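Structure, as structure tokens:
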Amino acid sequence: QVQLVESGGGLVQTGGSLRLSCASSGRTFSTDDMGWFRQAPGKEREFVAAITWRGGSTYYADSVKGRFTISRDNAKKMVYLQMNSLKPEDTAVYHCARNLVGSGSYYFEAGYDSWGQGTQVTVSS
């Protein structure tokens, strides 16, 4: 059983930046592909970004490409999401998640088997 704990959320103005962190207790973290999703009230979780286990490949939703950067530090069992040029539509609870082995999918929540509780990001106008 893996525990994922997100931090770094907060209230920022349009155009501001935040850096989210996700700490993992998983013993297999260094071999796990990881992702970030977000969920606004009344909506399903939406894919944001993903990173492969060695960090060699990254994937982004079109809505955040060029503004967000996913990275990881396997020695610290941490995954990060640097968010720049934030917009009000980025407001959501952000969750990190562990990708399922053999899921073949980074873009859909069904491809992940463990989820953190989330951290709130609010972008004001």
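Note that the coordinates shown come from a computational prediction; the quantities given were computed from them, not determined experimentally. Below, all heavy atoms of this structure are taken into account, side chains as well, without hydrogens, waters or symmetry copies.
Residues Asp90 and Met83 have side chains not in contact (no heavy-atom distance under 4.5 Å, counting atoms from C-beta outward). Contact of the Glu89 side chain with the Ser63 side chain is not registered, since no non-hydrogen atoms from C-beta on lie closer than 4.5 Å. Using a 4.5 Å heavy-atom threshold, the side chains of Tyr59 and Ile70 count as separate.
For Asp113, the salt bridge (charged side-chain N to carboxylate O under 4.0 Å, His left out) partners are Arg98, not counting sequence neighbours. For Gln120, the side-chain hydrogen bond (donor to acceptor under 3.5 Å, both in side chains) partners at least two apart in sequence or on another chain are Thr122. Listed by chain and number, the residues in a side-chain hydrogen bond (donor to acceptor under 3.5 Å, both in side chains) with Glu109 amount to none (sequence neighbours excluded). Ser105 meets the side-chain hydrogen bond (donor to acceptor under 3.5 Å, both in side chains) test with no other residue; sequence neighbours excluded.
Grouping the Ile, Leu, Val, Met, Phe, Trp and Tyr side chains by contacts below 4.5 angstrom, directly or via other members, places Tyr60 with Trp36. The hydrophobic cluster containing Phe68 does not contain Tyr80, counting ILVMFWY residues as joined when their side-chain heavy atoms lie under 4.5 angstrom apart, directly or transitively.
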Can I get a per-line list of side-chain donor-acceptor pairs under 3.5 Å for residues 19-26, giving both atom names and the distance, sequence neighbours left out?
| from | atom 1 | to | atom 2 | distance (Å) |
| --- | --- | --- | --- | --- |
| Ser24 | OG | Gly26 | N | 3.0 |
| Ser25 | OG | Gln3 | N | 2.8 |
| Ser25 | OG | Gln3 | O | 3.4 |

List the atom pairs, donor and acceptor, that lie under 3.5 Å between side-chain atoms in residues 8-18 and the rest of the protein, sequence neighbours left out.
| from | atom 1 | to | atom 2 | distance (Å) |
| --- | --- | --- | --- | --- |
| Thr14 | OG1 | Ser124 | O | 2.9 |
| Ser17 | OG | Asn84 | OD1 | 2.9 |

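Separation of atoms CD1 (Ile51) and CG (Asp32) is listed at 12.5 Å; rounding is to 0.5 Å. Going from atom CZ of Phe29 over to atom CG of Leu4 covers 8.5 Å, rounded to the nearest 0.5 Å. Between the CD atom of Gln39 and the CD atom of Glu44 there is a distance of 8.0 Å, given to the nearest 0.5 Å. The structure places OG of Ser103 at 7.5 Å from CG of Asp33, a figure rounded to the nearest 0.5 Å. From Leu81, atom CG reaches atom NE2 of His95 across 13.0 Å, with rounding to the nearest 0.5 Å.
Side-chain N or O atoms of Arg72 include none that pairs as donor or acceptor with a backbone N or O of Gly55 at under 3.5 Å. With hydrogens and angles ignored, the 3.5 Å screen pairs no side-chain donor or acceptor of Ser85 with any backbone N or O of Arg67. Without hydrogens or angle criteria, Glu6 side chain to Gln117 main chain gives a donor-acceptor distance under 3.5 Å. Using a distance-only test at 3.5 Å, with no hydrogens or angles considered, a donor-acceptor pair links the side chain of Thr91 to the main chain of Val123. Checking side-chain atoms of Asn99 against main-chain N and O of Met34 turns up no donor-acceptor pair under 3.5 Å.
Here the options are Tyr107, Trp115, Tyr106, Phe108, the test is ring pair (Phe, Tyr, Trp, His ring centres under 6.0 Å), and the partner is Phe37; only Trp115 passes.
In terms of heavy atoms, Gly35 sits closest to Tyr112 at N-CE2, 3.8 Å. Closest of all the heavy-atom pairs between Val93 and Gly118 is CG1-CA, 3.7 Å.
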